[in-house]
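Note that the numbering runs from 1 along the sequence shown for the chain.
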Amino acid sequence: MTPVCPFTKASRPDGTFGKKSGENQIKPQPVNDNKSQQDASIPPKCPFGYDSQTFKLGPLSCVICQALLFQCSKCMPCSHIYCKVCISRFKDCPLCGADIEKIEDDPNLQGVIDRFIEGHARIKRSQIDPDKEEIEHDKKTVIYEDVSLERGAFLMQQAMRALRGNNIESAKSRLSVCAEDVREQLQRTGNTPELCSQLGAVLGMLGDCCRATGDASSAISYFEESVDFLKKVPEDDLEITHTLSVSLNKIGDLKYYEGDLQAARTYYFQALDVRRSAIKNQLTVPSQVIDVAISLAKVADVDRNLGNKDTAISSFQEAIRLLESLTVEEAGLEQRRLSVLEFLNDQLGKK
């Protein structure tokens, strides 16, 4: 299942989120002689082009990871600026080719970027009435409103760019701000399914960042919190069900590598239970069936290491039966089915 930004389907509590950029978020009101533009607004437009639905390298971007600059560092003597992690991989400046004699921090520019992120997408400007001529120097109403979910989409975009560029600390920083925004929303509106799913997804990505840097303890904490919020979402959402089971498996993996096999089995079995419940009502979704087979294999592997060989063999055989009875039309998914089936047969041969 392809990962998606948890904010792409977001909708504001007042129903104005989730519309395409450029659409009016509040329906135009009848013109009032005294207040011609009352209560009308349009989506905020970033002057630098950093909108959540567009891709652009602006003046505050790192050309290496293509995300907003993080820990701004200046190459000397050419003075070109990159993220600290990104430029540390080079001996020559990627832009001009000059030898890098030393790298200096640029706290002033970093401060500008931090303030930019803090205020991004928090201003809505009044909508221009097309039936009324614009008066020069006419003061227009600026509506300040909490649109942190829109900022969340923007931050997720930057985090995913940073992850693709292997700038883990940058991604972690953006995701942390994003998580803080959603937590604030939760405090005001309560545990809505939408906000819980968003926070669960963001916390899972933070867990991935910690795991990538070798911080297993923090990774487990993020994954566990992710699971707590995702469990509050209705089970009929396949994407959420998949994300929940993946977070449980990732905790199991970390426990497995720590040598705590009993704890690993507990989390693997929870993931299996989630996936089994999903296919009860979604038997025609091949990806869900393959997920169940993978979970069965994880549980069986732990059982075998714990000395429960008969139980392990039974789980491997159940997974094989599921995949052998599965009909898949999509080429990519069929390749995945065959790959998992080959692995299961190999494991069963080891006994």
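Using a 4.5 Å heavy-atom threshold, the side chains of Phe316 and Arg304 count as touching. Side-chain contact between Leu163 and Met205: present, with at least one pair of heavy atoms (C-beta onward) separated by less than 4.5 Å. You'll find the side chain of Gln66 stays beyond 4.5 Å of the side chain of Ile64, heavy atoms only. The shortest side-chain heavy-atom distance between Thr266 and Lys255 does not fall under the 4.5 Å cut-off. A 4.5 Å side-chain heavy-atom check between His80 and Cys96 finds at least one atom pair inside the cut-off. Looking only at side-chain heavy atoms (C-beta outward), Glu180 and Arg183 stay at 4.5 Å or farther from each other. You'll find the side chain of Ile220 reaches within 4.5 Å of the side chain of Glu258, heavy atoms only. At a threshold of 4.5 Å between non-hydrogen side-chain atoms, the residues Asp291 and Val246 do not count as touching.
Side-chain contact, Asp301 with Tyr268: no donor N or O sits under 3.5 Å from an acceptor N or O. The closest side-chain donor-acceptor pair between Gln110 and Asp114 falls under 3.5 angstrom.
The structure places OG of Ser339 at 8.5 Å from CD1 of Ile294, a figure rounded to the nearest 0.5 Å. Taken from CG in Leu254 to CD1 in Ile251, the straight-line distance is 8.0 Å, to the nearest 0.5 Å. Summarising the geometry, atom OG1 belonging to Thr311 is positioned 5.5 Å from atom CG belonging to Asp303; distances are rounded to the nearest 0.5 Å. With rounding to the nearest 0.5 Å, the separation of OG in Ser287 from NE2 in His242 is 8.0 Å. For the atom pair CG (Asp228) and CG (Leu203), the distance works out to 9.5 Å, reported to the nearest 0.5 Å. Rounding to the nearest 0.5 Å gives a distance of 11.0 Å between CD1 of Ile81 and CG of Asp105.
The cluster map of Ile, Leu, Val, Met, Phe, Trp and Tyr, joined by side-chain heavy atoms under 4.5 Å apart, puts Met76 and Ile87 in different clusters. In this structure, Leu69 is a member of the same hydrophobic cluster as Phe116, with clusters built from ILVMFWY side-chain heavy atoms closer than 4.5 Å. Both Leu333 and Val340 are members of a single hydrophobic cluster when ILVMFWY side chains are connected at heavy-atom separations under 4.5 Å. Hydrophobic clustering (ILVMFWY, side-chain heavy atoms < 4.5 Å, transitive): Val63 and Phe70 are in distinct clusters.
With hydrogens and angles disregarded, no donor-acceptor distance shorter than 3.5 Å links the side chain of Arg265 to the backbone of Leu306. Of the possible polar contacts, one joining the Ser245 side chain to the Thr241 backbone as a donor-acceptor pair under 3.5 Å is found. Using a distance-only test at 3.5 Å, with no hydrogens or angles considered, a donor-acceptor pair links the side chain of Ser277 to the main chain of Asp273.
Between Gly252 and Ala264, the shortest heavy-atom contact is O-CB, 3.4 Å. Summarising the geometry of Val233 relative to Cys196, their closest heavy-atom pair is CG2-CB, 3.9 Å, with the distance given to 0.1 Å. The two residues Gly207 and Ala219 make their nearest non-hydrogen contact at O-CB, 3.5 Å. Nearest approach of Cys209 to Leu175, heavy atoms of both residues: SG-CD1, 3.9 Å. The two residues Ala297 and Leu344 come nearest to each other via the heavy atoms CB-CD2, 3.5 Å. When all heavy atoms of Gly200 and Ser226 are compared, the pair lying nearest together is O-OG, 2.6 Å.
None of Val227, Leu230, Leu244 except one satisfies the side-chain contact (heavy atoms from CB on, under 4.5 Å) rule with Val274; the exception is Leu244. In summary, of the residues considered (Ser73, Ser88, Pro94), a side-chain contact (heavy atoms from CB on, under 4.5 Å) with Tyr82 occurs for Pro94 alone. Of the residues listed (Leu248, Asn249, Val289, Leu296), the one engaging Arg275 in a side-chain contact (heavy atoms from CB on, under 4.5 Å) is Asn249, and it is the only one.
Between Asp253 and Lys250 there is no salt bridge, since no side-chain nitrogen of the basic residue lies less than 4.0 Å from a carboxylate oxygen of the acidic one. Here Glu169 does not pair with Lys172 in a salt bridge; the nearest charged N to carboxylate O distance is not below 4.0 Å.
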### Message
Please evaluate residues Arg211 and Tyr222 with respect to the criterion side-chain contact (heavy atoms from CB on, under 4.5 Å), reporting the C-alpha separation (whole Å), side-chain torsions for both, the decisive distance (0.1 Å), and the verdict.
### Response
CA-CA 10 Å; Arg211 187 172 63 165; Tyr222 278 123; over 6 Å; no

### Task
Could you please spell out the steps behind the salt bridge (charged side-chain N to carboxylate O under 4.0 Å, His left out) verdict for Arg337 and Glu334?
CA-CA 5 Å; Arg337 183 188 76 87; Glu334 172 63 8; 2.9 Å; yes

### Message
Before you tell me yes or no, could you show the steps for Thr192 and Gln185 under side-chain contact (heavy atoms from CB on, under 4.5 Å), namely the whole-Å CA-CA distance, both residues' side-chain angles and the distance that decides it to 0.1 Å?
### Response
CA-CA 10 Å; Thr192 66; Gln185 287 279 341; over 6 Å; no

### Message
Does Leu238 form a side-chain contact (heavy atoms from CB on, under 4.5 Å) with Gln288? I'd like the steps, not just the answer.
### Response
CA-CA 8 Å; Leu238 293 182; Gln288 297 291 104; 3.8 Å; yes

### Query
How far apart are the C-alpha atoms of Ser170 and Val85, what are their side-chain angles, what is the distance that settles it, and do they pass the side-chain contact (heavy atoms from CB on, under 4.5 Å) test?
CA-CA 9 Å; Ser170 174; Val85 169; over 6 Å; no

